[in-house]
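Working notes, structure below.
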Amino acid sequence: METRASYIMVGGFVLTFLAGLIAFAVWIAKVDLDAEYTDYDIYFHGTVSGLYKRSVVYYLGIPVGDVRDIGLAPNDPQKVRVQVRLRSEVPVTEGAKARLDFQGLTGVAYIEINGGPPGGQPIKPVGDQERAVIPSELSPIMEVFTNAPNLVNEAIEAVVQIQKLLDDKNLSHVGHILKNTDKLSANLANGTEDLDKLVADTRTLINKASTTADKLSKLADSGNALIDDDGKQMVAEAVKTLQSAQQAIGRIDALVAANSDNVTDFIGSSLPEITRMIIDLRATARNLSRLSKRIEQNPGAAIFGTPQPQYDLKTRSEKKEKGK
Amino acid sequence: MMPIFSKPGRAIGLTVAAAMLLGGCGPLISFGSNGPAADVYTLNYDGAFGPELKEGPLLYFDEPHVAEGLSGQKIAVRLGAHKRSTLANARWVTGLTTLVRDYLTRSLSDEAKTRAIGEGSLDVKVDCRLGMKVWSFDFVPGQKGEDDAVDVTIELSLIRLRDGHFIGQHTFVQTPSVKGPSDDDVMDAFNVAMRANSRDMAKWLSALKDQCAAPAG
């Protein structure tokens with residue numbers, strides 16, 4: 001009797017323990033035993049790197065299911081078919097979109113479903129589809145990842161170009177160019193003064209010539225016997241030409257006056273500032289060059305410094321630096 | 001359906017990963033040395049601020065170039081002809097270039113009665129650029145405490161920007177002795193040297209500054 005009673009107690013204890021263990025597992029995993037699920041297919045264009053079976057599916061940020069299967073889409077090797085299982089009460093209606101997203105920068109991927117408009121019809125399998133298909137869209141972070149290689153390449157090219165631009169040879173050339181520009185501008189400014197004088201003299205001369213031509217024209221029109229028909233025509237053309245020339249000189253005069261101000265302003269204000277800016281740029285380029293050499297030779301020392309002995313004024317001797 | 005044990009497993013994994021990450025980042029995170037905190041010093045011009053002049057040439061004080069080893073916040077120590085070190089438990093409040101430029105911008109505008117501007121003046125039309133080169137800014141310990149001195153050697157160059165004319169250049173040297181055995185005494189000596197150099201620089205600059213406004217050629 002005692003032996004038999006002991007078996008019953010042991011068996012009962014083991015069964016109770018197992019039942020408790022299963023209940024604990026169900027409790028800790030938060031398994032809904034009575035939950036109902038619906039399967040959907042999502043087709044993504046391109047890679048789904050970071051997404052695995054059991055990855056979580058969110059609906060507006062709420063976890064509502066998980067990924068059941070991942071594989072290539074039939075008849076289209078550029079697409080990936082992801083089968084997801086969602087709770088049946090999740091309203092996946094017409095207009096809902098699924099997209100691949102990432103948690104932080106850890107590379108752990110999940111699927112986020114944005115609901116369709118209120119009152120929409122639940123999506124259903126079409127034709128011979130085994131499961132209903134949720135349309136996918138590219139997430140902003142996926143767009144960044146897609147374009148990032150191009151951006152990085154362009155940035156590298158830009159840095160290379162800047163390095164070429166800022167080398168000592170080019171900076172020296174820029175210095176020469178500015179020096180030459182300075183000389184050219186000074187000459188131009190001086191030349192402008194001469195040109196002003198020349199234009200003024202020319203205008204006086206043309207006025208005199210125009211007056212004379214007018215007199216000749218009047219003389220020709222009067223039918224003076226000394227002027228024949230060819231002479232009339234020649235004088236008329238001369239008058240026309242001189243009047244056109246006077247207008248052209250007037251325009252040149254205005255243009256030179258305007259440019260003279262600009263040139264003077266450029267020489268007076270912009271060139272020295274450009275010179276100072278180039279000096280600053282040269283200093284910056286030199287510092288960057290020095291830093292890059294230090295990093296290249298010893299990255300650790302460039303960041304954390306090198307242990308150096310320090311002079312202690314109290315002991316009047318050098319001591320080794322601590323903590324580095 | 002949520003996978004069984006996925007959340008506890010993930011939590012444990014994340015905890016282990018975080019611990020490993022923190023452990024791995026340990027060498028990158030510096031909490032400083034265990035020694036005493038360094039005393040922080042500055043150069044302090046004890047004169048007045050420069051007068052608000054309406055006229056006269058405007059000078060741009062360029063950022064000083066410094067000899068190798070002087071560019072940081074550590075205070076240079078010269079041990080012998082070729083050996084260099086830095087002073088323990090003391091440092092400048094900022095880089096030496098900033099300290100020297102700010103000191104001279106203030107002292108020379110006061111003592112030379114000059115319109116001077118320093119950093120952040122690229123959009124201002126100026127007449128001259130004052131270039132600076134700090135050749136030495138060293139504490140020079142002697143054989144005995146009473147032989148200690150500092151050496152402050154600064155070279156100035158004045159350039160007229162309108163035509164790039166090199167107006168003049170001069171090197172100013174001061175080596176006052178250190179009056180006592182402490183870091184404060186060393187810093188006093190540096191300030192004395194800068195004050196004396198500043199007076200000499202003001203005389204030199206006063207004699208040349210009018211050339212900044214002179215016409216080219």
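Numbers restart at 1 for each chain; the letters A, B, ... are given by sequence-line order, proteins then strands. Just so we're clear, the structure is a prediction, and the values are computed from it rather than from any experiment.
- Heavy atoms closer than 4.5 Å to chain A are found in the side chain of B:Leu79, but not in its backbone.
- Ring geometry for A:Tyr58 against A:Tyr110 counts as perpendicular: the plane angle is over 60°, on a 0 to 90° scale with 30° as the lower cut.
- Pairing each heavy atom of B:Gly118 with each of B:Thr105, the nearest pair is N-CG2, 4.1 Å.
- Heavy atoms closer than 4.5 Å to chain A are found in the backbone of B:Lys144, but not in its side chain.
- Donor-acceptor pairing under 3.5 Å is recorded for the side chains of B:Asp185 and B:Ser182.
- Salt bridge annotation for A:Arg131-A:Asp39: absent, with no cationic side-chain nitrogen under 4.0 angstrom from a carboxylate oxygen.
- Contact annotation for B:Ser71: neither backbone nor side-chain heavy atoms come within less than 4.5 Å of a heavy atom of chain A.
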